[in-house]
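Below: the structure, in structure tokens.
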Amino acid sequence: MATMTSLIGLINKIQRACTLLGDHGGQGMSLWEILPSVAVVGGQSSGKSSVLESVVGRDFLPRGSGIVTRRPLVLQLHKTESGTEYAEFLHAPKKRFTDFVAVRKEIADETDRITGKTKQISNIPIHLSIYSPNVVNLTLIDLPGLTKVAVEGQSETIVEDIENMVRTYVEKMYLARIYDILTMNKKDELNQKYEPPNCIILAISPANQDIATSDAIKLARDVDPSGERTFGVLTKLDLMDKGTNAVDVLEGRAYRLQQPWVGIVNRSQADINKNVDMILARRKEREYFETSPDYGHLASRMGSEYLAKLLSEHLELVIRQRIPSIIALINKTIDELNAELDRIGRPIATDGGAQLYMILELCRAFDRVFKEHLDGGRPGGDRIFGVFDNQLPAALKKLPFDRYLSLKNVQKVVTEADGYQPHLIAPEQGYRRLIDGAISYFKGPAEASVDAVHYVLKELVRKSIAETQELKRFPSLQTDIATAANESLEKFRDESRKTVLRLVEMESSYLTADFFRKLNAEPEKNLNPSDKKKNAEPAKNPNQSGHTGDRLNESYLRRIGSNVNAYIAMVCDTLRNTIPKAVVYCQVKEAKRSLLTNFYAQVGSRE
């Protein structure tokens, strides 16, 4: 019970926070509309104000004839453990009222501030909080009394205006949900079961009038046909004609509701004129029911104290049912507010340590976006894969090995490698020079891959800065981050270029001898059919000398070119796999790991 009481108190605080943030409800789904409240509905002079004062235990509402309540009064009751009773208005947050006569005057003055000293109404609510050990945690909404005709000084539409205002409070949750469904083109959801509106209706009807003519019951029946969230309250039981009573109504036979009826005996005008306090009035009310021959058997379920307890218990039940949706909406609202704060900017700290922390947090936000691009959470990182899967293979395929290994060039290289005397068995130096020269062609595609990935990373830095919401209001910091990130990328590119060139040079520094040994075992494997046809003599070892009158015969040169081409193809396959590994390791992984490391050090060193 204590836990639920605390929760109700928390609900009231949340509602107050909503109001402070400008959330008064009525604009679709909001915290105000998902949190339970009690709307007091009744005709003029039905005793609404007296019921509210009985629940609170204080005189604080303006009185008079005709229409007195001309603006909705959102009354939040906060139960305190002890201490002085006091009240606070939202429009005067720094002022605490301990004199409830002053509270009544402030309500009247605040009403006149909007409506003027007329009989017009306004739907702009007054928000009042009362803190007292004599109340239960409740949110009550006092609404203008329903009327049937406009009087002098009122608009001709006053009857309709008041009813529409009351309806916005007692049915707005349902209508807002229907609106959301229709505007989102989810009409099929109308057939699903939804929680009923959170507004509990406290329908005030005077007992000295026929219940069938009650304005409050008529409106409640329209918006709550099942009677599930309507509490019937009968006032003025002590003013009924002699010989009559309201037992049939109070016991639910005259008009049945799912919630119980409660009878109330308010102070008489004479008691009000004598300033009879509410404690004595409650005692007299209890005595009335306990000694009444008509209502004695109902005495334990009658009176303003029982009504307050009944509403509080029902509120607990509603809250228990709504806790998941309340928590979900609170979390959603927190996320939305945080997002809004991030968009418009959080307060900037004044001390150096806090500012440094803020800068680091902004940098981390950018870093998260940058990594999302690389890892696939955002578009762009796939372009790096495109470099390896398309650009590099295409560049390797375009290398001019056909021209380089032409018969003329092979002969030139082998002859130059022999020097002043020809090779004896196989032109090993010629092979090495041909292979070295061919491998050097791979440096171009390797460096091009490094540059291509560098430009992709630079573009991702630019996009990430633009997409980091937290950075939008700090253009200078954006520039600093971009400069630092690009400097780091340049360093990564330099290291990556050195690494891929080393890979190419490593292929030249040590040749794979096994490749050529296998060629000895299959001497004609790399010869094409025309070469085999021309070579009518027994097949020669590919490493044997092919000297003729012209020093080197054509078949021999073709065999050398074919062997070198096969070896280069093997090297090409190797580099096609190792170059991307080196680029990713030196550039992409380093960018993810330490893109702003130097920037962090620079910022930390500043005063």
Side-chain angles (χ1 to χ4, degrees), residues 1 5 8 38-42 45-61 63 75 77 79 85 100 130 132-140 142 200-209 211 214 216-217 220 230-240 244-255 257-272 274-317:
M1 180 68 178
T5 301
I8 296 173
V38 180
V40 184
V41 180
S45 303
S46 61
K48 287 191 303 87
S49 297
S50 296
V51 170
L52 273 178
E53 289 182 332
S54 296
V55 170
V56 176
R58 280 287 190 171
D59 291 320
F60 68 97
L61 293 173
R63 294 183 175 277
L75 174 62
L77 305 181
K79 184 175 180 60
E85 294 179 302
F100 282 80
I130 293 179
S132 169
N134 303 317
V135 299
V136 294
N137 289 302
L138 275 178
T139 298
L140 299 161
D142 187 22
I200 298 165
I201 303 170
L202 198 62
I204 311 295
S205 303
N208 56 355
Q209 294 180 12
I211 195 66
S214 168
I217 291 298
T230 300
F231 285 79
V233 176
L234 274 186
T235 60
K236 303 184 180 182
L237 289 167
D238 54 328
L239 300 181
M240 295 184 71
T244 62
N245 61 55
V247 173
D248 284 349
V249 176
L250 293 174
E251 292 184 344
R253 291 190 295 273
Y255 185 79
L257 296 171
Q258 291 193 33
Q259 309 299 338
W261 283 85
V262 179
I264 298 290
V265 174
N266 296 321
R267 290 178 300 169
S268 65
Q269 190 59 49
D271 289 338
I272 294 172
K274 294 178 184 177
N275 292 321
V276 174
D277 63 40
M278 297 304 302
I279 295 176
L280 179 57
R282 285 178 175 177
R283 187 184 309 130
K284 292 176 67 175
E285 183 184 44
R286 285 197 301 272
E287 291 174 356
Y288 172 84
F289 285 112
E290 289 170 356
T291 59
S292 169
D294 294 322
Y295 310 117
H297 65 295
L298 300 173
S300 63
R301 292 182 282 120
M302 297 290 120
S304 55
E305 289 179 294
Y306 174 76
L307 175 63
K309 179 183 175 184
L310 181 66
L311 291 174
S312 182
E313 289 175 349
H314 183 74
L315 207 57
E316 290 177 16
L317 177 63

Could you report the tightest heavy-atom contact between [X] and [Y], atom names first, then the distance?
{"X": "K236", "Y": "P206", "result": "CD-CB, 4.1 Å"}
{"X": "G263", "Y": "L250", "result": "N-CD2, 3.7 Å"}
{"X": "R253", "Y": "V247", "result": "NH2-CG1, 3.7 Å"}
{"X": "A220", "Y": "I201", "result": "CB-CG2, 4.2 Å"}
{"X": "V135", "Y": "V56", "result": "CG1-O, 3.5 Å"}
{"X": "F289", "Y": "I264", "result": "CZ-N, 4.1 Å"}

Q. For L234, which of V262, V249, V265 qualifies under side-chain contact (heavy atoms from CB on, under 4.5 Å)?
A.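 With L234 as partner, side-chain contact (heavy atoms from CB on, under 4.5 Å) holds for just one option, V249.
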(Q) Using side-chain contact (heavy atoms from CB on, under 4.5 Å), reason through H314 and I200 one step at a time and then give a plain yes or no. (A) CA-CA 9 Å; H314 183 74; I200 298 165; 3.3 Å; yes
Main-chain N/O of [Y] paired with [X] side-chain donor or acceptor, under 3.5 Å:
{"X": "S132", "Y": "E85", "value": "no"}
{"X": "S54", "Y": "S50", "value": "yes"}
{"X": "R282", "Y": "V55", "value": "yes"}
{"X": "R267", "Y": "V276", "value": "yes"}

Q: Determine the interplanar angle of the Y288 and Y295 rings, folded into 0 to 90°, and report it as parallel if under 30°, tilted if 30 to 60°, perpendicular if over 60°.
A: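 Rings of Y288 and Y295: tilted, as their planes differ by 30° to 60°.
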Enter the distance from [X]:[atom1] to [Y]:[atom2] here, rounded to the nearest 0.5 Å.
{"X": "E290", "Y": "E287", "atom1": "CD", "atom2": "CD", "answer": "7.5 Å"}
{"X": "N266", "Y": "L237", "atom1": "CG", "atom2": "CG", "answer": "9.5 Å"}
{"X": "T230", "Y": "I217", "atom1": "OG1", "atom2": "CD1", "answer": "7.0 Å"}
{"X": "F231", "Y": "L311", "atom1": "CZ", "atom2": "CG", "answer": "5.5 Å"}
{"X": "T139", "Y": "L75", "atom1": "OG1", "atom2": "CG", "answer": "8.0 Å"}
{"X": "L298", "Y": "E251", "atom1": "CG", "atom2": "CD", "answer": "5.0 Å"}

Q) Where do D59 and M278 land on the side-chain contact (heavy atoms from CB on, under 4.5 Å) test, with the steps shown first? A) CA-CA 8 Å; D59 291 320; M278 297 304 302; 3.8 Å; yes
Q) Can you check side-chain contact (heavy atoms from CB on, under 4.5 Å) on S49 and D142, steps first, answer last? A) CA-CA 8 Å; S49 297; D142 187 22; 4.2 Å; yes
Q: Please step through side-chain contact (heavy atoms from CB on, under 4.5 Å) for the pair E305 and K309, ending with a clear verdict.
A: CA-CA 6 Å; E305 289 179 294; K309 179 183 175 184; over 6 Å; no
**Q.** Pairwise side-chain contact, E285 with S304, heavy-atom cut-off 4.5 Å (strictly under)
**A.**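 A side-chain contact exists here, since the closest heavy-atom pair is under 4.5 Å.
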